[in-house]
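Presented below is the structure to which this report refers.
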Amino acid sequence: MAVSIKSAREIELMRTSCKLLSEVFAELENFIRPGISTMDINNRGDELIRKQDCIPNFLHYQGYPASICVSVNDEVVHGIPKPDRILQEGDIVSLDAGLIYKGFHSDMARTFAVGEISEDARLLIERTKQSFFEGIKMAKAGNHLFDISNAIDAYISQFGYGIVRDLVGHGIGTHLHEDPQVPNFAQKRRGLKLCAGMTLAVEPMINQGTGDVDWLDDDWTVVSADNSLSAHYENTILITPSGEPEILTLY
Ligand code: MF3
Ligand code: CO
């Protein structure tokens, strides 16, 4: 699949799709507290997406059974919401979701604290977020794709964390996953040249221990192999004609 370059009209639709998704996340962040289940989060998120006349794009994607991926503590991504998985004070919870607005997909993820969390957990969340911002400093027309990957890796490596290598970011547009893949770890090649009008989901997944992951028997939930805490931070961004990228899902 060729990398799609969005027209002005398509960019406007991407902006709206992403803005609506950001609003869902702002509501979900307020909803997080000890005592709710991961299914409560899914149901709330699904309702918020549909209230905006949008479609949750994760639901039934390659058979995924829910609208919001809810991953707790050592779960990296793609946790399946369950009514009996209750959030406890001190947990960290990663929400990953997207929606379709007039045929255009958005995708974002955040890791939130449940009540008071440890200083180590707080630092993991904060540095995972910062690695995204270090990466996208390089997301400029004329730079190369893997400049983003290298910058994320260089920033994270100083902390001794593990970067998840089995899952990567991606292009996004009329499909949830488009070319190119966007790795979060250093690459030997430069990758393609970035052009204005490309929209990318950049999404570092960072473990407190090693970056190795396993898949649970549910076929979806990805966990850190050493069961260390894991954080995720993702936005859909637009490569602009000059200077900084536009973060379409920021709130
Ligand atoms: N959130 C993943 C991504 O960021 C996609 C999840 S698809 C699902 O690319 F099926 F697991 F929901
Ligand atoms: Co994504």
Side-chain angles (χ1 to χ4, degrees), residues 1 3-4 14 17-18 20-22 24-25 28 38-39 41-46 48-50 54-72 75-82 85 93-101 104-112 128-129 131-132 135-136 139 145 148-149 152 163-185 198-207 213-223 230-239 245 247-251:
M1 197 202 290
V3 176
S4 66
M14 287 295 293
S17 179
C18 291
L20 293 171
L21 180 61
S22 313
V24 170
F25 266 74
L28 286 178
T38 56
M39 184 61 93
I41 298 170
N42 176 72
N43 293 347
R44 182 85 183 112
D46 183 273
L48 290 164
I49 291 169
R50 292 181 194 281
C54 295
I55 299 165
N57 49 5
F58 289 10
L59 183 62
H60 306 318
Y61 179 84
Q62 293 183 4
Y64 184 76
S67 297
I68 318 285
C69 293
V70 187
S71 308
V72 184
E75 295 171 355
V76 178
V77 287
H78 303 168
I80 298 175
K82 292 189 193 63
R85 182 77 200 256
V93 62
S94 301
L95 307 189
D96 188 355
L99 59 77
I100 311 171
Y101 169 78
F104 284 81
H105 290 251
S106 47
D107 186 6
M108 70 188 287
R110 295 285 186 273
T111 301
F112 297 120
T128 299
K129 173 179 180 178
S131 75
F132 164 88
I136 68 152
L145 179 67
I148 302 172
S149 312
I152 293 171
I163 300 172
V164 174
R165 304 164 77 96
D166 286 309
L167 299 141
V168 295
H170 50 94
I172 180 167
T174 52
H175 301 270
L176 172 57
H177 292 143
E178 298 186 356
D179 279 344
Q181 295 200 346
V182 186
N184 299 302
F185 50 97
M198 289 180 177
T199 46
L200 304 172
V202 178
E203 50 176 318
M205 289 152 271
I206 308 297
N207 297 347
V213 296
D214 287 323
W215 270 259
L216 298 187
D217 286 338
D218 64 16
D219 283 341
W220 280 104
T221 312
V222 181
V223 296
S230 185
H232 188 193
Y233 188 89
E234 173 180 26
N235 286 307
T236 298
I237 68 166
L238 168 71
I239 307 298
I247 303 174
L248 302 179
T249 46
L250 201 60
Y251 76 95

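Computed over heavy atoms, backbone and side chain alike; hydrogens, waters and symmetry mates excluded. In each ligand, atom 1 is the first atom listed, and ligand 1 is the first ligand listed.
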*Within-4.5 Å side-chain heavy-atom neighbours: Asn207 and Val213*: yes
_Set of residues that line ligand 1, where lining means a heavy atom lies under 4.0 Å from it_ = Phe58, Tyr61, Tyr64, Cys69, His78, Asp96, Asp107, His170, His177, Glu203, Trp220, Glu234
*Any donor-acceptor pair under 3.5 Å from Thr249 side chain to Ser22 backbone*: no
*Considering all heavy atoms, the nearest Leu20-Cys54 contact*: CD1-SG, 3.7 Å
*Backbone N or O of Ile68 within a donor-acceptor pair of the Asn42 side chain at under 3.5 Å?*
yes
_Under the rule for ring-ring contact (aromatic ring centres under 6.0 Å, His included), what residues qualify as partners of Tyr64, not counting sequence neighbours?_
Trp220
*asked:* Which residues pass the salt bridge (Lys or Arg N to Asp or Glu O under 4.0 Å) test with Glu234, not counting sequence neighbours?
replied: none
*Do Pro65 and Ile80 come close enough that some side-chain heavy atom pair is under 4.5 Å?*
yes
_Is it the case that the side chain of Asn57 and the backbone of Ser106 share a donor-acceptor pair, with hydrogens and angles ignored and the cut-off at 3.5 Å?_
yes
*asked:* So, at under 2.8 Å, which protein N, O or S atoms would a careful student list around the Co ion (ligand 2)?
replied: Asp107 OD2, His170 NE2, Glu203 OE2, Glu234 OE2
*asked:* When you compare the side chains of Ser71 and Ser94, does any donor N or O come within less than 3.5 Å of an acceptor on the partner?
replied: no
